[in-house]
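Heads up: the structure comes next, in structure tokens.
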Amino acid sequence: MKNYIFKILAKLNKAILPSYTKKQLDLSKASKFQLAIIGWRAYVTKNALQ
């Protein structure tokens, strides 16, 4: 059940949240909000793959 929820969240992240990898964002110049989005996407992706 938990895995299913994270897979849905991963699809929503891909559709809604911006991809900073494609924009080649420099992490040292990223704002706190951008870092929060990157962290959230990494957390959801990690749990969706388990």
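Along the sequence shown, residues carry numbers from 1. Because the structure is a prediction, the values reported are computed rather than measured.
At a threshold of 4.5 Å between side-chain heavy atoms, the hydrophobic network of Ile, Leu, Val, Met, Phe, Trp and Tyr places Ile5 and Leu49 in two separate groups.
Expressed to the nearest 0.5 Å, how far CG of Leu35 lies from OH of Tyr20 amounts to 9.0 Å. With rounding to the nearest 0.5 Å, the separation of OG in Ser19 from CG in Leu25 is 10.0 Å. Here the NZ-CD distance, from Lys29 to Gln34, works out to 12.0 Å after rounding to the nearest 0.5 Å.
The side-chain contact (heavy atoms from CB on, under 4.5 Å) search around Ala36 returns none, not counting sequence neighbours. Applying the side-chain hydrogen bond (donor to acceptor under 3.5 Å, both in side chains) rule to Ser28 yields the partners Asp26; only residues at least two apart in sequence or on another chain are considered.
Sorted by first then second residue, the side chain to side chain donor-acceptor pair (under 3.5 Å) pairs that include residues 4-15, not counting sequence neighbours, are Asn13-Trp40. Residue pairs that meet the side chain to side chain donor-acceptor pair (under 3.5 Å) test with at least one member in residues 41-50, sequence neighbours left out, do not exist here.
Within the 4.5 Å cutoff, no side-chain heavy atoms of Leu17 are placed close to those of Leu12.
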